[in-house]
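Okay, structure first, notes after.
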Amino acid sequence: MPGRHGGMGGPEDLPRPERPEWQDVTPLPQVDGPEPLAVIRYPPGFVETHDYFRAIQAKEEYSHRALELTADVIEHNSANYTAWYYRRKCLKALGADLDQEMEFTDNWARDAPKNYQVWYHRRWLITEITDRLRADGPAGEAKVCAIGERELEYHLDVMQVNDDYKNYNGWSHRQFIVQKFNLWDREMSFVEDLLRDDIRNNSAWNHRFTVVKNTVWPLSDETRQREINYALEALRQCAMNESAWNYLSAFLGEGECKAPWDSVPAVEALCNEVLALAPAQKQQCRFAVEAVAQICEARGDADGAAERYALLQELDKVREKYWERPPSPTAVGSDEVCGRCRRFRLTGPPPAAHSLHEGSSLWLALCRQCTRTSSWGHSARPHELGMISIGFRQTVAATFAKPDTSDNSFVLSRGSAPRRSHVCVSGCTCDGRPIQG
């Protein structure tokens, strides 16, 4: 039987050419080409093991010796997904004892917890074992429930042994288990225990949202407020905890089961508390500044939001371009200047008194230079088309900008009906209804 990791033990450690049971197999060497650029110096036994593995694959042999050979291949390289896949084919063909195979993965998951192949192989085993047990009727169903509980304990054990509570593959396995066996009832308390130990554990925050999504969705106002309060309390412990800010944003803004940013006074109060603690403006918490910008946008305070986004460009130099927003739009009746560069005055007849969409009282026009030199209307970033920036409405996503040949403004062309463009901005109540003609 396999050794610690399933490798051969005792007399089987002899080179395969000297073992009687392998005399009928001709090793298949690796082909590196006639003039390999860099020949890899493999460790002892690696070449022989893989030469025999290639030969077994070519024969499509799914025997006990092939199963043992995959263990040796995995011992040399536990990330070899081909060996794990071939091992599963051997297990299926042989009708092997899958409980014993679970022991094979136990050590590997503890010793190599970030090895995706090990966790995937374990999930496959659990699926196969539960299918076999359920075929036995009620007696097997009781054993199925025990498997799920055992796997949750195993995941915790692997995290504790490796002192790693943020392993993506391990958490993916846990989510697979709780979904497959419907074991959500104790997950919230489990997550809260982990967050008490490490409030920055992003994996635990992510799992908390997964639990919410699978147990109390769609959210009631009470549940949403409970989660918002939980995030706020975490931020009082550590205001620079990006995980908690991200969790907070999962319940505020636009989208399913979300509340407007300006609908929870406690959020703005906390932001102001955090910002007031900074000795200087350029040392303020960028997450709190972003939250205030979101609150300003929700209120329609374009100037307040613009001020915060400008500050974010100073606080977060790595993503300076991400925080960049176009200039505030020009109101109808003001000087006819380009709404993007603010440098070129528009010529030709003035724009109409209404925008492209009914109900809008503001407009944004571009000079020909900005239209020509930017990617607006083609592969532009959304906010360049007035879709995401301060107070703008998402109303021109499928419209292409083309320079007008008669003056320095531009027209929007949708189908065969070009129109002079005015993009809906703050204050628009059109709900995305375009004017026809």
Side-chain angles (χ1 to χ4, degrees), residues 228 231-232 235-236 239-242 244-255 258-335 337-342 355 357 359-365 381-396 422-431:
I228 290 173
L232 292 177
L235 290 170
R236 289 188 178 92
M240 294 300 292
N241 182 3
E242 186 173 4
W245 286 107
N246 288 339
Y247 190 78
L248 180 66
S249 68
F251 302 96
L252 296 171
E254 296 182 359
K258 290 189 174 187
W261 272 95
D262 62 339
S263 66
V264 186
V267 174
E268 185 174 13
L270 175 71
C271 291
N272 291 334
E273 290 176 24
V274 171
L275 296 176
L277 294 173
Q281 189 181 57
K282 291 191 176 180
Q283 294 177 282
Q284 288 182 336
C285 171
R286 66 180 177 88
F287 308 117
V289 174
E290 181 186 3
V292 174
Q294 300 267 24
I295 293 170
C296 289
E297 285 187 329
R299 288 176 178 163
D301 180 6
D303 291 337
E307 180 183 343
R308 271 70 179 191
Y309 284 121
L311 177 57
L312 283 167
Q313 289 184 278
E314 296 296 322
L315 296 174
D316 190 10
K317 286 293 185 182
V318 173
R319 284 172 283 192
E320 181 178 0
K321 289 293 184 181
Y322 174 80
W323 299 117
E324 182 180 314
R325 296 298 188 270
S328 299
T330 305
V332 170
S334 63
D335 291 340
V337 294
C338 174
R340 186 189 190 203
C341 69
R342 295 287 188 171
S355 74
H357 297 84
S360 173
S361 59
L362 300 176
W363 58 271
L364 178 66
R381 288 179 295 176
H383 73 258
E384 288 185 315
L385 275 172
M387 291 164 56
I388 292 180
S389 62
I390 306 162
F392 281 47
R393 297 296 300 269
Q394 289 189 347
T395 52
V396 291
H422 304 114
V423 181
C424 289
V425 293
S426 177
C428 174
T429 58
C430 67
D431 293 328

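Side-chain atoms of D262 and E268, non-hydrogen and from C-beta on, never get closer than 4.5 Å to each other. Using a 4.5 Å heavy-atom cutoff, the side chains of L232 and R236 are in contact.
K282 NZ: 12 or fewer foreign heavy atoms inside a 6.0 Å radius. Within 6.0 Å of atom CD in E320, more than 12 heavy atoms from other residues, nucleotides or ligands are found, so the atom counts as buried in its surroundings.
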The test is side chain to side chain contact (heavy atoms under 4.5 Å, CB included); show your working for W245 and R286 and say whether it passes.
CA-CA 10 Å; W245 286 107; R286 66 180 177 88; over 6 Å; no

Go through the steps to decide whether V274 and L235 satisfy the test side chain to side chain contact (heavy atoms under 4.5 Å, CB included), and finish with yes or no.
CA-CA 9 Å; V274 171; L235 290 170; over 6 Å; no

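Between D301 and G304 the shortest heavy-atom distance is OD1-N, 2.9 Å. Taking all atoms of both residues into account, the shortest heavy-atom contact from C285 to M240 is SG-SD, 3.6 Å. Closest approach of Q284 to V289, counting heavy atoms only: OE1-CG2, 3.9 Å. Across every non-hydrogen atom of P260 and L252, the tightest pair is O-CD2, 3.8 Å. Shown here for A231 and Y247, the closest heavy-atom pair between the two residues is CB-CD2, 4.1 Å. Here the closest heavy-atom approach between residue Y322 and residue R325 is recorded as O-NH1, 2.9 Å.
Put simply, OH on Y309 and CD on Q294 are 4.5 Å apart, with the number rounded to the nearest 0.5 Å. Note that the CG atom of L311 and the CH2 atom of W323 stand 11.0 Å from one another [nearest 0.5 Å]. With values rounded to the nearest 0.5 angstrom, E307 atom CD is found 8.0 Å from C296 atom SG.
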